Asks: 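The structure is given below, and queries will be raised subsequently.
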There are 2 protein chains.
Amino acid sequence: MFSSTVENYLKAILVHGEGSGGEVMPMGALAEALDVSPGTVTTMVKALAGQGLLAHRPREGVKLTKAGRAAAAAVLRKHRLVETFLVTTLKMDWAGVHEEAEALEHAVSDRVLERIDELLGHPTVDPHGDPIPSAKGEMAGPGGASSSRLTLASCELKTQWSVARIRDQTPAFLNFIRDTGLKPGARVRVTRRDPAGGVVCCEVKGAGEAVIGLGEAGNIEVRK
Amino acid sequence: MFSSTVENYLKAILVHGEGSGGEVMPMGALAEALDVSPGTVTTMVKALAGQGLLAHRPREGVKLTKAGRAAAAAVLRKHRLVETFLVTTLKMDWAGVHEEAEALEHAVSDRVLERIDELLGHPTVDPHGDPIPSAKGEMAGPGGASSSRLTLASCELKTQWSVARIRDQTPAFLNFIRDTGLKPGARVRVTRRDPAGGVVCCEVKGAGEAVIGLGEAGNIEVRK
DNA sequence: AAATCAATTTTGATTGATCAAAATAATGTG
DNA sequence: CACATTATTTTGATCAATCAAAATTGATTT
């Protein structure tokens with residue numbers, strides 16, 4: 001239906017919206033996310049706006065239309081179901097599946113995807129804790145009940161929390177998370193937080209102490 | 001490494017060679033196989049020859065070089081392992097997996113492929129009976145021991161045979177094969193063969209009688 | 001040998017996606 | 001307000017892959 005390039009544009013805008021309440025995404029941010037030049041984004045955005053997939057506010061940014069959001073959700077669903085599949089069924093390394101899924105999401109047909117969904121038992125979150133859009137394109141969106149916005153940078157000290165989501169798919173960060181045991185599901189207690197020095201110390205059940213930067217802590221969502 | 005387009009060119013030449021002893025493939029046949037115009041093939045072939053992937057004999061056709069054959073075998077390995085995976089693990093319809101694999105073969109990384117291979121227990125043939133090239137690119141080639149060249153059009157009458165391979169991946173033919181029960185592994189006995197009328201009658205164990213065209217029968221390899 | 005035919009190659013053009021560099025607009029600073 | 005800074009858009013060009021239509025070549029027929 002759409003080229004991989006188009007799918008990537010749409011997905012990038014949707015994911016950006018996931019983390020920032022659906023506001024317009026500046027052209028520069030899109031260029032950054034897709035690793036192309038700003039001029040390329042302007043050209044492409046105008047074409048996609050012409051197709052009714054997004055609304056272009058010149059010198060401001062872009063926003064998905066209804067049609068664009070639906071298409072983007074379908075891609076994101078593929079991405080996250082594939083990630084889950086790679087970890088659960090193929091037992092691949094948790095930290096590496098993002099890149100693999102990046103390629104597969106454009107090649108997996110709806111029929112294959114439904115078989116994968118079935119095999120996995122209709123999961124609602126992927127291995128990083130990111131919500132998987134439904135087949136109808138519904139997402140546990142930014143305002144949704146599942147999105148706590150509570151992170152290791154903001155949660156109460158000395159209480160037991162459960163890691164819910166890792167909001168940063170860079171391999172280096174994911175490796176770090178794996179090594180400290182802070183994967184989704186892990187039980188954790190923040191023992192000390194030093195805003196001045198920018199560090200957060202915590203105790204991970206079954207995996208000992210961990211010290212992480214304050215900014216990084218803000219990318220680890222917790223719950224309960 | 002290579003674009004999907006390049007991979008498709010190489011794969012088409014290798015598959016052609018599989019069925020015709022590695023002779024040069026005429027440009028027209030390649031254009032046909034890839035569903036592009038002859039001029040396009042000439043242009044592309046010259047580029048690939050420049051990359052050392054194939055040898056172009058002008059006005060004659062093309063042949064894979066060592067490097068080209070290795071690359072093509074890798075693609076074919078992906079294709080056939082993916083097909084097997086789709087049938088075995090995802091329980092998809094036998095007749096439809098070829099098209100699915102056509103897209104996935106270009107997106108599956110070596111790492112993912114090795115996990116799939118492992119999961120399936122290192123199979124040597126795919127669901128249609130086609131041999132799966134090894135990771136090193138070795139193939140049970142046209143001269144190989146596994147390639148009987150014996151088909152329902154040429155095997156002895158009234159003997160029990162076992163279907164070994166279906167040499168025609170068009171969905172319509174595969175559907176026909178599924179419906180008559182003539183899938184690889186089926187036990188079959190040719191009861192009558194009429195070259196003049198061009199029909200072959202046979203008895204499929206557990207699935208009754210089947211009448212097929214002589215040409216079609218030549219695409220069903222048998223063994224034992 | 002001349003004429004015909006089919007396969008192949010050339011030619012000139014198009015499309016999607018990209019870039020670098022120049023032009024433009026908006027925004028903030030003194 | 002004028003000037004500098006930053007984001008965005010334009011412009012002109014490139015690359016991979018393709019096409020249609022014309023030209024060429026080799027083989028086949030007459």
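Within every chain, numbering begins at 1; the chains are lettered A, B, ... in the order of the sequence lines, protein sequences first and strands thereafter. It should be emphasised that the depicted structure is a prediction, and the values quoted were computed from it without experimental measurement.
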Asks: Polar atom pairs between nucleotides 12-17 of chain C and protein, under 3.5 Å, N or O only, would you list them?
Replies:
unit_1: C:dA17; atom_1: OP1; unit_2: A:Ser3; atom_2: OG; d: 2.6

Asks: Got B:Leu10 and B:Val75 here, is their nearest side-chain heavy-atom distance under 4.5 Å?
Replies: no
Asks: Once you round it to whole Å, what is the distance between C1' of C:dT18 and CG of A:Leu34?
Replies: 12 Å
Asks: Run the salt-bridge test on B:Arg178 and B:Asp93 with the 4.0 Å N-O cut-off and return the result as yes or no.
Replies: yes
Asks: Does A:Glu18 pair with A:Arg167 as a salt bridge, N-O distance under 4.0 Å?
Replies: no
Asks: Roughly, in whole Å, what's the span from CE in B:Met27 to P in D:dC19?
Replies: 14 Å
Asks: Does either side chain, that of B:His106 or that of B:Asn8, offer a donor lying less than 3.5 Å from an acceptor on the other one?
Replies: yes
Asks: So, the side chain of A:Thr84 versus the backbone of A:Arg80: is there a donor-acceptor pair under 3.5 Å, distance only?
Replies: yes
Asks: What integer distance in Å separates A:Leu30:CG from D:dT9:P?
Replies: 11 Å
Asks: Establish whether the base of C:dT27 is bridged to the side chain of A:Arg59 by a donor-acceptor pair shorter than 3.5 Å.
Replies: no
Asks: Considering only D:dT18, C:dC19, D:dT10, which nucleotide approaches the side chain of A:Ser37 most closely?
Replies: C:dC19
Asks: With side chain to side chain contact (heavy atoms under 4.5 Å, CB included) as the test, would you mind laying out the steps for B:Glu221 and B:Thr151 before giving the verdict?
Replies: CA-CA 4 Å; B:Glu221 270 185 29; B:Thr151 71; 4.2 Å; yes
Asks: Scan A:Val199, A:Val200, A:Thr180 and name whichever one has a side-chain contact (heavy atoms from CB on, under 4.5 Å) with A:Val211.
Replies: A:Val199
Asks: Indicate, with a heavy-atom threshold strictly under 4.0 Å, whether B:Gly39 touches base, sugar-phosphate, or nothing.
Replies: base
Asks: Return the residues of residues 46-57 of chain B meeting this criterion: a heavy atom under 4.0 Å from some atom of DNA chain D. Order them by number, or give none.
Replies: none
Asks: Would B:Lys11 and B:Glu105 pass as an ion pair if we require N to O under 4.0 Å?
Replies: yes
